[in-house]
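Step one of this worksheet: look at the structure below.
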Amino acid sequence: MVLLERDQGVHDPLFVAQVLIRDYLLAKAASLSVLSLAAGWVIHLATGSLPEYPLAFSAGIVLTSTFMTLLSIGVAARQRTINGFILMVQVYALPFILPLLGFLQLWHEDLFLVLPTEGTLRLLVSPSGGLATGSVLYSVCILLIWNFAAYFWARRSYTRHVLMRVGEGGGH
């Protein structure tokens, strides 16, 4: 969306009209998180069951979607083409799949605990022994920390690579 908006010159009138970058980024993240939440519930309901912990499940989807949206915006702001974005978003997102190795019992590393994906997995997957309060708090906190970091990085990237070019017209 960011690349399309830039190519179509949407940013010129948008940011001349005093739209705050904070509002722009949070609106994008919120709208995509709502869509992700709806899709997550539809997919889960299609399996014929409800999540054992619906609030944790919903929090995991929303916080992860927000993080990935902000990360993607930060990457998109730095790219000029869709191909560049597709390549670079993979590079930026690659470290975040590492906790899946532990989840699949292929490789466990305590360092994975600092990555947001670990929090996501804990919130989305209902363990057989129940979901401990400490695990929920850790998961929400780690995802919030990464969301704040992604927000500040996206804001900086957007300011430097998009807003500084407002007035140049489309992406040319």
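Predicted model only: the values in this text are computed from it and were never measured. Atoms considered below: every heavy atom in the structure, side chains included; atoms not considered: hydrogens, waters and symmetry mates.
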Check: A29 main-chain N/O paired with S33 side-chain donor or acceptor under 3.5 Å
yes
ILVMFWY network linking V42 to L32, side-chain heavy atoms under 4.5 angstrom
no
Measuring from S139:OG to L121:CG, what's the distance to the nearest 0.5 Å?
9.0 Å
Solution key, residues 143-154 side-chain donor-acceptor pairs under 3.5 Å, sequence neighbours excluded:
from, atom 1, to, atom 2, distance (Å)
W146, NE1, V114, O, 2.6
N147, OD1, F67, N, 3.0
N147, ND2, L63, O, 3.0
N147, ND2, L143, O, 2.7

Who passes ring-ring contact (aromatic ring centres under 6.0 Å, His included) against F57, sequence neighbours left out?
W41, H44
Student check: side-chain heavy atoms of M68 and L71 closer than 4.5 Å:
yes
If every non-hydrogen atom of E118 is compared with every non-hydrogen atom of L113, which pair is closest and at what distance?
CG-CD2, 3.8 Å
Would you mind reporting whether D110 and H108 have side-chain heavy atoms less than 4.5 Å apart?
yes
Partners passing side-chain hydrogen bond (donor to acceptor under 3.5 Å, both in side chains) against T120 (at least two apart in sequence or in another chain)
T64
Which pairs would a plain distance check flag for residues 89-103, meaning a side-chain donor or acceptor within less than 3.5 Å of a matching protein atom at least two apart in sequence or in another chain?
none

Pairwise side-chain contact, T81 with L3, heavy-atom cut-off 4.5 Å (strictly under):
no
When rounded to the nearest 0.5 angstrom, what distance separates OG1 in T117 from CZ in F112?
10.0 Å
Hydrophobic clusters here meaning ILVMFWY residues chained together by side-chain heavy-atom distances under 4.5 Å, can you tell me if L104 and V125 are in one?
yes
As an exercise, state the distance from CD1 of I142 to CG of L115, rounded to the nearest 0.5 Å.
7.5 Å
Tell me, please, which residues at least two apart from I43 pass side chain to side chain contact (heavy atoms under 4.5 Å, CB included).
none
Determine, step by step, whether L37 and S58 satisfy the side-chain contact (heavy atoms from CB on, under 4.5 Å) criterion, reporting the C-alpha distance in whole Å, the side-chain angles of both residues, the deciding distance to 0.1 Å, and the verdict.
CA-CA 7 Å; L37 182 61; S58 296; 3.8 Å; yes
Looking at CZ of R80 and NE2 of H161, how far apart are the two atoms once the value is rounded to the nearest 0.5 Å?
10.5 Å
Do L131 and E52 come within less than 4.5 Å of each other through their side chains, counting heavy atoms only?
no
Nearest 0.5 angstrom please: R156 CZ to I21 CD1, how far?
12.5 Å
Is it true that M1 and V34 fall in one hydrophobic cluster, defined by side-chain heavy atoms closer than 4.5 Å?
no
If every non-hydrogen atom of I73 is compared with every non-hydrogen atom of K28, which pair is closest and at what distance?
CD1-CB, 3.9 Å
For L55, give me all partners under side chain to side chain contact (heavy atoms under 4.5 Å, CB included), at least two apart in sequence or on another chain.
none
What about L4 and I82, same hydrophobic cluster or not, with Ile/Leu/Val/Met/Phe/Trp/Tyr joined at side-chain heavy-atom distances under 4.5 Å?
no
